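Heads up: the structure comes next, in C-alpha cells.
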Amino acid sequence: MAEAVLSLFPEAKFAIGPAIADGFYYDFDLPQPLVEADLNRITAKMREIIKANLPFECRSMTKDEARVYFGELGQTYKLELIDGIPGDEVSIYAQSQFADLCAGPHVRRTGECKHFKLTSLAGAYWRGDSNRPMLQRVYGTVWPTKDELEAFLEIQEEAKKRDHRKLGKELELFFFHPYSPGAIFWQPKGYTIYRELQDLWTSIQRAEGYVEILNPIMYDSELYKLSGHLDHYADAMYKLEQDGRTMCLKPMNCPDTMLFFKQRKHSYRELPLRVSERQALHRNEISGALSGMTRVRLFTQDDAHLFVTPEQIETEIARLLDLVDRLYKLFDLDYKFYLSTRPDSFMGDVALWDQAETALENALKTKALPYKVNLGDGAFYGPKIDIIIQDSLGRKIQCATIQLDFQLPERFELEYITPDNTVARPVVIHRAILGSYERFVGILLEHLAGAMPTWLAPVQVAFLPITDASIDYCQAVAKEWEAAGIRTYVDDRSEKIGYKIRQAEMAKTPCMIVVGKKEVEDGKVNVRTYRDGERGLSDPAAIKAEILQRIAERTLDVNIRKLNIDAFIYSEDVDAEEKDY
C-alpha cells in the first residue's frame, strides 16, 4: 500500500504502518487530503503490484547507511524512527524498487496478498504531537482467502448498522455537540439506561460490603505530584490557575480516595475496606482521538479501591474475578484474562512489584482461569489483570481491570493498626468492572444491536390502542403497571395500528400491548414482543407478573445475533488506543 501511495503521490512522506488486530494502517504526510475516491486509485495500483508477484527481500543496513538511504529520499519520518531503534543495524524489506524499514517477517511475495480491501480514512498526529502536521491514515485489511475476507467485511457492514452513534441518534438516547466536544448529552431514554446500570452496580456493591463516597472534582496539582500521576498524566489533565495555585479537574479517583483513608486511624478489623466512588472524571484527550462514547473527555467509572492486608490480597482478587464473571454473564459477553507486568517506567521497589505480580498470578491460578501475560503492560504504580471482552461481532475490547498497588499507600503514608498493636501499610486494589458507564453503554448498544433487555430498556411496555375508544383502558392498565415499577408508554396518536407497531419495533420496545374493542370488553391484552413477535391474548395480571419477574431477575430476554467468527485469526492483542483508555 505504501508503494502504491508513493507512486500516485511522489511528494508523499510515509510515517509508520503497523499490523493491528484485524488489518493494518499506514500514516502518510501528503500534499493534499485524501478522499474516498482515492482509495479506489490506491487499490488499483496495489492490484498491479500484487499481479507482478514481486518477492519480498530482507536485508540489513547500518544505521548510518539507512539514514543516508532514507535521507536522500526525503523520508524524514524514517530518520526519526531509525534513531529510536536499538542496536547498530536496521532491517529493510524491499519489493522491486520500493523499500521500507520493517522488523518483519513478511510473506514471500506480493501475490500472496490479493484478498484485501482498503476500508477507511482517518487523521492522526505523528507520535500524538498535535504541534506536528496532521497525517492521513489509510486503513485496510487482508486475509488468506476470499471467503475469510468476505466474512470479515460482512461483520464490518453489520458493525456499521450497529454503530452506537447511529443507534444513539435513532433511538433518541444521546447526542454530541461541538459546544462540548468529547462529552455526551444524555437524553431521557439514554439516561434511563445509564441510571439502571448505576442502580445495578449500587445493589451489587452494597451486597459485597462496599461503602460509597463522593469527593470534590477539582484539586491542587500538589495532590497529583504526591501520587505520581503528575509525572505520567500531566498532558491529559485540565488545569487552571487560581489564587497562585495550579488546580486540576480530576482525571482519576485514586489520589483523593487515599485522602479519605488517611482521615483517621484504622484497625486491621476494618480491612478489607472496600470504597467506591462515582464522580465525573475529565481527561484532555486530543481531538483526533475522540470517538463517540468509546473515547471521551468526560466520563464516570464504576471505580473502587480496596484497602487490604497482604494476607487478604488473593482472597479479595478472587472475589473480584467472580464479580467479573457475574456481571459479564448478564449480557452474554465472552472474556479473557491478561496479566500485565512491570513497565519500564515503573514506580517503587522491584521486590514489591515481584510480590504483587505473584499475588495476581496466584489468584488466577487458584480460580483455574486461563490467562496470557502482557510483559511490561502494567500501570506505573503496579501490575494488573486486564479483562478483554469479546462482543457479538467478535471484537475485543478492554473494560475491566484489577490493579494491585503497593506504591500509593507508601506515598500517602497510609497505616493501619495490626493485631499486635504495631503499624503497617495497607495494600490497595484498584478495580473497575464496567469501565466507564459511557463506554459500556456504547458497547452494549453494538453488542445487542440496540435491543436492550426488558430490565434495561428505556420503555419496557408500549400500549398501542387500535382506536381512540381503547385509550382510556390502555391508560388505566399502564398507570397500574407504572405503579408496580414498569416503564410504560401509551401511543394515543390518531395513527393506524400497523404504523404504531412499526414505530414501537423501530424503538426496539421489548413488549407491545395491542388493545382494541374486544380486548377492552374481555379485560384482556394482545401481546407482541420485540424478540418473539405475536403472542396473542393474555390476562393483564399474568403479563405484568411476567414482566416484573424479568425486571427483578435482570433476564437477558433478547436475541443476540453472534456472527460466525470461527474462521478469523484475530490478534490476541488489543490496539494500544484501546488499552490507553
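Just so it is clear, the structure is predicted and the values come from calculations on it, not from any experiment.
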Test item: Tyr437 and Phe299 side chains (from C-beta on) under 4.5 Å apart, heavy atoms:
no

Taking 4.0 angstrom as the limit, do Arg245 and Glu241 come out as a salt bridge?
no

Across all chains, not counting sequence neighbours, the side chain to side chain donor-acceptor pair (under 3.5 Å) partners of Tyr194 are Thr300

Residues which pass side chain to side chain donor-acceptor pair (under 3.5 Å) with Lys508, listed by chain and number, not counting sequence neighbours
Tyr530

Measure up the Phe261 and His266 rings against each other and bin them: parallel (under 30°), tilted (30 to 60°), perpendicular (over 60°).
parallel

With sequence neighbours excluded, residues passing side chain to side chain contact (heavy atoms under 4.5 Å, CB included) with Arg195
Tyr191, Thr192

Do Val211 and Ser276 come within less than 4.5 Å of each other through their side chains, counting heavy atoms only?
no

Is there a side chain to side chain contact (heavy atoms under 4.5 Å, CB included) between Ile387 and Gln398 once you walk through the steps?
CA-CA 6 Å; Ile387 296 93; Gln398 182 180 328; over 6 Å; no

Quick one: list whatever passes salt bridge (charged side-chain N to carboxylate O under 4.0 Å, His left out) with Asp83, sequence neighbours left out.
Arg67

State which residues pass side chain to side chain donor-acceptor pair (under 3.5 Å) with Glu277; sequence neighbours excluded, sorted by chain then number.
Lys250

Assess whether side-chain hydrogen bond (donor to acceptor under 3.5 Å, both in side chains) is satisfied between Thr141 and Asp22, documenting all intermediate values.
CA-CA 6 Å; Thr141 189; Asp22 51 16; 5.8 Å; no

Give a yes or no on whether a salt bridge exists between Arg395 and Glu446, defined as a side-chain N under 4.0 angstrom from a carboxylate O.
yes

Do the non-hydrogen side-chain atoms of Thr488 and Gln460 ever get within less than 4.5 Å of each other?
no

Which residue pairs satisfy the ring pair (Phe, Tyr, Trp, His ring centres under 6.0 Å) criterion with at least one member in residues 233-255, sequence neighbours excluded?
His229-Tyr233

Can you list the residues that meet the salt bridge (charged side-chain N to carboxylate O under 4.0 Å, His left out) rule with Arg274, with sequence neighbours excluded?
Glu316

Evaluate whether atom NZ of Lys166 has more than 12 neighbouring non-hydrogen atoms of other residues, nucleotides or ligands under 6.0 angstrom away.
yes

Evaluation steps, side chain to side chain contact (heavy atoms under 4.5 Å, CB included), between Val296 and Glu285
CA-CA 7 Å; Val296 292; Glu285 302 281 0; over 6 Å; no

Partners passing side chain to side chain contact (heavy atoms under 4.5 Å, CB included) against Tyr371 (at least two apart in sequence or in another chain):
Phe337, Leu339, Glu361, Leu364, Lys365, Val373

Centroid-to-centroid, Phe440 to Phe331, below 6.0 Å?
yes

Please name all residues satisfying salt bridge (charged side-chain N to carboxylate O under 4.0 Å, His left out) with Arg264, sequence neighbours left out, ordered by chain then number.
Glu270

Counterpart residues, ring-ring contact (aromatic ring centres under 6.0 Å, His included), relative to Phe24 (two or more places apart)
none

Gln390 side chain near Leu333 side chain, heavy-atom distance below 4.5 Å
no

Contacts of Ala234 meeting side chain to side chain contact (heavy atoms under 4.5 Å, CB included) (sequence neighbours excluded), chain-then-number -> Leu230, Lys239

Side chains of Leu173 and Gln187: does their closest heavy-atom pair fall under 4.5 Å?
no

Grab the two heavy atoms, one from Cys399 and one from Leu434, that are nearest each other, plus how far apart they are.
CB-O, 3.5 Å

Whether Glu80 and Arg132 form a salt bridge (side-chain N of Lys/Arg under 4.0 Å from carboxylate O of Asp/Glu) is what I want to check.
yes

Could you tell me whether Asp532 atom CG has more than 12 heavy atoms of other residues or ligands within 6.0 Å of it?
yes

Would you call Arg425 and Glu413 a side-chain contact if the rule is heavy atoms closer than 4.5 Å?
yes

List the residues meeting side chain to side chain contact (heavy atoms under 4.5 Å, CB included) with Asp322, not counting sequence neighbours, and say none if there are none.
Lys367

Distance to the ring centre below 6.0 angstrom and angle to the axis at most 45 degrees; does that hold for Arg137 and Tyr25?
yes

